[in-house]
**Student:** 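Here it is: the structure, laid out below.
Below, read A as the first sequence line, B as the second, and so on, with proteins coming before strands; counting in each chain starts at 1. Predicted model only: the values in this text are computed from it and were never measured.
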Amino acid sequence: MNYTEADINISDIDQTDDFYKITTADVDDDLIHSIQSIGLLNRPLLMRKGHAFIIVSGFRRTEALARTGENRLSARILHPDISPLDCLKFSISDNTTQRELNMIENARAVDKLANLTTGAEPFYTLVETFLKLGKNRRLIHKIQSLNSLPEQIKTIILKEQLDFSIASELVGYPESDLTAIAIYLDTLKLSLSKQREFLTLIAEISRRENISVQEFLNEPDLKAIIQNNDLEGNQKAGKIRIYLKKRRYPSLTGTEERFIQLVKELKLNPNTKVSPPRYFEGSVFSLTMNFSSLAELIEQKESFDQLIRHPITKKLVDKDFY
Amino acid sequence: MPISKIYIDQAVSDSPVVKKITSCLSIPFETVPNSQHIYQIVSDQADPVSAGKQVLFLTENKGPFIRKCPGTHNYTCCDYQILHIGTFCTMDCSYCILQAYFHPPVLQYFVNHDALKTELRELFEKETISRIGTGEFTDSLIWEVWTDTSEMLVPMFAAQERAVLELKTKTTHVAKMGSFDHKRKTILSWSLNTPAIIRSEERKTSSLQARLSAARTCEQMGYPLAFHFDPVFIYEGCESDYQKVVKDLFDAVSKENITYISIGSFRYMPSIYHIIERRFPQSRILYGEFVTGLDGKMRYFKPLRMRIYKVIIDAIRKFAPDVLVYFCMEDDEVWNTCMGFLPTSFGGLGHMLDRRVQKICHLKS
């Protein structure tokens, strides 16, 4: 690495130029306190650009030092002939040697490498060498694509509230849709399986009804649930799930409701359960009877006899609830 | 989709069938050592499904030419047999199962016709009725332009009295049919759908009117006909659209010459979902009320499909009370509710269809 060491004015650094920035972390008090007590252990790597300096690595250190009130920074200044790709390699290495990159940092690094390399082979080789992300090209592009997501979604990913596979499926949505989705994900804090279910239902409804995801999620019925401060996150999730299912599968959910109503009218004892064929597709109903003593079993027999004689049972079996 | 290149399996490069096809299609061709070569070329493309439609692989069928139709448990199957002349299709229907059925899907035509003929002769020696068709793994008539498939098959079936051949298509490639002495042992059949569905989901296929016009031409040539309302789609206005298709059908051909009409709703393997989504982003067919069927395929929620079935059946019955209408892959509940009977009451669906082709196609009992 061809560089010189120099003390420079922090005001001479253009801290808004984040071309080589990999980290997603903000400056925290720990770093500021550390610098205040023992100084800067590892000098930031800078490069001259026009009349100012830009940061190649050490974004957080530079900002933290400035926040301590210091005006001068001891830095390593890269030789101006060093290529942008080599600068990026320094930046990535400086980060990866200290810690494991998170999903967004990997996406950022892959995207920057893709933009600075020409030809497929050097790019994949660099990804393999500097980021250790393997050789699966489809996966590498999926990771890269996350960098195009808006900041709100990236924040949710960083909070580990959004799975990688689901996040990669969001790539390509208009930003306005993603902003609306971000509000839901952030508010509801869904499990992985629920995230997929919700996002599939939302996407399918919007496509079927030719409305944008944003328009759909901003409909009054949904907004009334998401903005209801009297409900906990999981209560909101439950209500929205029911709403989405009814909207996506109106006939199926209507049939389920009518079936449940008929079963209620049977007034079965709590140890007896009647279930329809799965999705009403087959013809086999199931009856579950639980008992823990002979007396209970005898009681269940009577309940069973009543069930057979009940006129609603015939309605159920004849599927008179379609 | 136009074919841009022919690949010839080295093992069949001397076949006269290959020479005939390459002379008909004036496009580049290349001999390859095996199928892996072509599969790799297709698989490496961004859209392997489209790529597979733009090459023609001439090879031999190493497996049986005659196969049982892959029906599934829990739904009533018609005991059909497949004559496996080739795979895939030059047309591009959004819902086509073949997009996910072959890995990768490649347009290929089997040229080892001597083996095919041997299997057919064995079939003809059986005492039972056979219904066999070429339109399951491909469209039966896309091959008419470059091959002599029907010229080979139609006379073979005409020369026996136990089996009937069905040529199922969405094309209008029937010009050559008039020159064959078919003896009504070949049924020409069309897959029918509403103009709205044909326009939005059946890319590069013939219009409804063109299909019906081709059917009328074949009727005039003396061929028995059949029609398939499969896949039926449920959408706003579908009921009146399908009623209109039925009316157009009976305006075009005579009911007495229809061997059978099948009905089946759109169903799909879950694995095809993302293929349709990616290749046909404008399509809305995936967003109906689908549930997982007993065979693992996604199907319209049963009360919805029964409703549209009843509409189509009522419309058909109005014009042709006696024509044989059957369901492709439906269960007893659907049969009972929509038809008012179970096939088992008449010896099973296969038997019902055998009796029908015996009568319409003049087969030996």
**Student:** At a heavy-atom separation under 4.5 Å, does B:Y75 approach chain A through its side chain, its backbone, both, or neither?
**Tutor:** side chain
**Student:** Quick check: do A:E204 and B:E277 have side-chain heavy atoms less than 4.5 Å from each other?
**Tutor:** no
**Student:** State plainly whether the residues B:E289 and A:R208 are in salt-bridge range, i.e. N to O under 4.0 Å.
**Tutor:**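 The answer is no: the pair does not qualify as a salt bridge.
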**Student:** Any chance CZ of B:R355 has more than 12 other-residue heavy atoms, nucleotides or ligands included, within less than 6.0 Å?
**Tutor:**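 12 or below, so no.
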**Student:** With a 4.5 angstrom heavy-atom cut-off, could you sort out which part of A:P277 is near chain B: side chain, backbone, both or neither?
**Tutor:**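 It is neither, since no heavy atom gets under 4.5 Å.
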**Student:** At a 4.5 Å cut-off on heavy atoms, which part of B:R305 comes close to chain A: side chain, backbone, both, or neither?
**Tutor:** side chain
**Student:** Surrounding CZ of A:F285 (heavy atoms of other residues, nucleotides or ligands, distance under 6.0 Å), is the total greater than 12?
**Tutor:**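 Yes, the 6.0 Å shell around CZ holds more than 12 heavy atoms from other groups.
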**Student:** Please check if the side chain of A:R207 supplies one atom and the backbone of B:S283 the other of a donor-acceptor pair under 3.5 Å.
**Tutor:** no
**Student:** Only one of A:F321, A:F280, A:Y322 clears side-chain contact (heavy atoms from CB on, under 4.5 Å) with B:P303; which?
**Tutor:**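 Only match with B:P303 under side-chain contact (heavy atoms from CB on, under 4.5 Å): A:Y322.
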**Student:** Based on non-hydrogen pairs under 4.5 Å, which of B:V291, B:D332, B:L304 is most in contact with chain A?
**Tutor:** B:V291
**Student:** Side chain to side chain contact (heavy atoms under 4.5 Å, CB included), that's the test. Do A:T255 and B:F301 meet it? Break it down for me.
**Tutor:** CA-CA 10 Å; A:T255 303; B:F301 180 45; 3.4 Å; yes
**Student:** Within a reach of under 6.0 Å around NZ of A:K319, are more than 12 heavy atoms found that belong to other residues, nucleotides or ligands?
**Tutor:**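 Atom NZ in A:K319 is crowded, with more than 12 foreign heavy atoms closer than 6.0 Å.
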**Student:** Just wondering, are more than 12 heavy atoms of other shown residues or ligands nearer than 6.0 Å to NZ in B:K5?
**Tutor:**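 Yes, the 6.0 Å shell around NZ holds more than 12 heavy atoms from other groups.
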**Student:** Looking at A:K314, I'd like to know if its NZ atom is crowded, meaning that more than 12 non-hydrogen atoms belonging to other residues, nucleotides or ligands lie closer than 6.0 Å.
**Tutor:** no
**Student:** Between B:Y300 and A:E281, which heavy-atom pair has the shortest distance, and what is it?
**Tutor:** O-OE1, 4.5 Å
**Student:** Can you tell me which of B:V334, B:N74, B:L294 forms the most heavy-atom pairs within a distance under 4.5 Å of chain A?
**Tutor:**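 Most heavy-atom pairs under 4.5 Å with chain A: B:L294.
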**Student:** Look at B:R284 together with A:E209 and state whether they make a salt bridge at an N to O cut-off of under 4.0 Å.
**Tutor:** no
**Student:** Could you check whether atom NZ of A:K189 has more than 12 heavy atoms from other residues, nucleotides or ligands sitting under 6.0 Å from it?
**Tutor:**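 Yes, the 6.0 Å shell around NZ holds more than 12 heavy atoms from other groups.
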**Student:** Chain B heavy atoms under 4.5 Å from A:S251: which part of the residue, side chain, backbone, both or neither?
**Tutor:** both
**Student:** If you draw a 6.0 Å radius around OH in B:Y101, do more than 12 non-hydrogen atoms from other residues or ligands fall strictly inside?
**Tutor:**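 No, the 6.0 Å shell around OH holds no more than 12 heavy atoms from other groups.
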**Student:** Would you say CD of A:E175 has more than 12 non-hydrogen atoms from neighbouring residues, nucleotides or ligands within 6.0 angstrom?
**Tutor:** no
**Student:** Let me confirm one number: the CZ-CG distance from B:F290 to A:L252, rounded to the nearest 0.5 Å.
**Tutor:** 13.0 Å
